[in-house]
Amino acid sequence: MERVFPNGRKLRILTGDITKIAVDAIVNAANSALAGGGGVDGAIHRAGGPSIMRELDRIREAQGGCPTGSAVVTSAGVLPAKYVFHAVGPRYRDGKHGEADMLASCYETCLKLAAKLDVETISFPAISTGIYGYPAEEAARIAAGVVSKHLDSGEGSVREVILVLFDQSSYKLYERLLE
Ligand code: ADP
């Protein structure tokens with residue numbers, strides 16, 4: 001489904017594999033060591049090829065890793081995109097350790113990077129909701145809230161955001177939130 005804002009900008013939700021959907025920027029759910037991992041991170045590196053990790057190696061040498069709530073940019077290797085934004089979501093503990101702010105910051109940072117790089121279409125996975133254990137519904141509220149606010153504001157270059165949900169139950173959750 002999609003939600004169209006009065007300014008014509010769109011928020012779309014889809015189920016599927018984020019590596020298969022052509023956009024200007026694909027957001028990855030990375031870890032602060034930028035070391036590669038399982039889940040969507042593994043899928044992005046497998047599908048995008050080794051050049052992405054080589055770029056991350058250079059970033060790691062230059063600045064160490066990436067703090068939680070922030071993101072770094074690489075090219076997208078052979079993925080159907082120009083960039084991958086490697087966002088570092090919070091590991092969920094009990095919700096009392098700033099997790100919500102850090103998760104919101106991931107989405108906000110990526111939208112800011114998008115504006116800086118003139119990105120018009122960007123896809124996000126459900127950051128932190130896999131291995132990092134963030135409760136799906138709370139995470140969906142944060143993601144939908146930050147993205148809707150940004151699109152509605154008309155600021156920046158992004159005219160379409162695609163939230164790519166890996167399974168039908170996450171999709172249903174977002175669908176309810178956006179209706
Ligand atoms: P995190 O460590 O931030 O929790 P994960 O990769 O474990 O990251 O999970 C984040 C979300 O991405 C989960 O909802 C998971 O189901 C989903 N996911 C896993 N593989 C893909 C993929 N290829 N495309 C889109 N989403 C994916």
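Order of listing sets the numbers, starting from 1, for every ligand and every atom in it. Keep in mind that this is a model prediction, so the values were computed, not measured.
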For atom 23 (N) of ligand 1, find the nearest protein heavy atom and state the residue, atom name and distance (0.1 Å precision).
Asp17 OD1, 2.9 Å
Show me which atoms of ligand 1 lie under 4.0 Å from any heavy atom of Ala43.
23 (N)
Could you walk me through whether Lys20 and Asp17 pass salt bridge (Lys or Arg N to Asp or Glu O under 4.0 Å), step by step?
CA-CA 6 Å; Lys20 304 269 197 266; Asp17 178 353; 3.8 Å; yes
Do Thr19 and ligand 1 have an N or O pair less than 3.5 Å apart?
no
Within a 6.0 Å radius of atom CD on Glu155, are there more than 12 heavy atoms belonging to other residues, nucleotides or ligands?
no
Carboxylate-amine/guanidinium proximity below 4.0 Å for Asp57 and Arg60
yes
How many angstroms lie between OG in Ser123 and CD1 in Ile21, if you round to the nearest 0.5 Å?
6.5 Å
Test of proximity, Thr129 against ligand 1: N or O pairs below 3.5 Å
yes
Would you say ligand 1 has an N or O under 3.5 Å from any N or O of Val40?
yes
Check each of Tyr132, Tyr134, Phe166 against atom 18 (N) of ligand 1 and report the one with the nearest heavy atom.
Phe166
Using side-chain contact (heavy atoms from CB on, under 4.5 Å) as the criterion, point out the one residue from Thr74, Asn28, Val78 that pairs with Ile52.
Thr74
Run the side chain to side chain contact (heavy atoms under 4.5 Å, CB included) test on Leu165 and Leu14 for me, step by step, so that the C-alpha distance in whole Å, both residues' side-chain angles and the decisive distance to 0.1 Å come before the verdict.
CA-CA 6 Å; Leu165 293 326; Leu14 287 180; over 6 Å; no
Below the 3.5 angstrom mark, is there an N/O of Ile18, backbone or side chain, next to an N/O of ligand 1?
yes
Keeping Thr121 on the side-chain end and Asp24 on the backbone end, is there a donor-acceptor pair under 3.5 Å?
yes
If you have a sec, work out which protein heavy atom is nearest atom 8 (O) of ligand 1 and how many Å separate them, to one decimal?
Ala29 CB, 3.7 Å
How far is atom 4 (O) of ligand 1 from its nearest protein heavy atom, and which residue and atom is that?
Gly130 N, 2.8 Å
Any nitrogen or oxygen of Val164, side chain or backbone, less than 3.5 Å from one on ligand 1?
no
Ion pair check, Glu99 and Arg93, cut-off under 4.0 Å
no
Heavy-atom contacts with Gly16 under 4.0 Å: which atoms of ligand 1 show up? List them by number with element.
24 (N), 25 (C)
Quick one: do Arg159 and Glu120 make a salt bridge, cutoff under 4.0 Å?
yes
Under 3.5 Å between some N or O of ligand 1 and some N or O of Gly38?
no
Supply the members, apart from Tyr132, of the Ile/Leu/Val/Met/Phe/Trp/Tyr cluster built from side-chain contacts under 4.5 Å; use none for a lone residue.
Ile131
To which protein heavy atom is atom 7 (O) of ligand 1 closest, and what is the distance rounded to 0.1 Å?
Ile131 N, 2.8 Å
Tell me the protein heavy atom at minimum distance from atom 10 (C) of ligand 1, and give that distance in Å.
Ala126 O, 3.3 Å
for atom 3 (O) of ligand 1, nearest protein heavy atom and its distance come out as Ser128 N, 2.9 Å
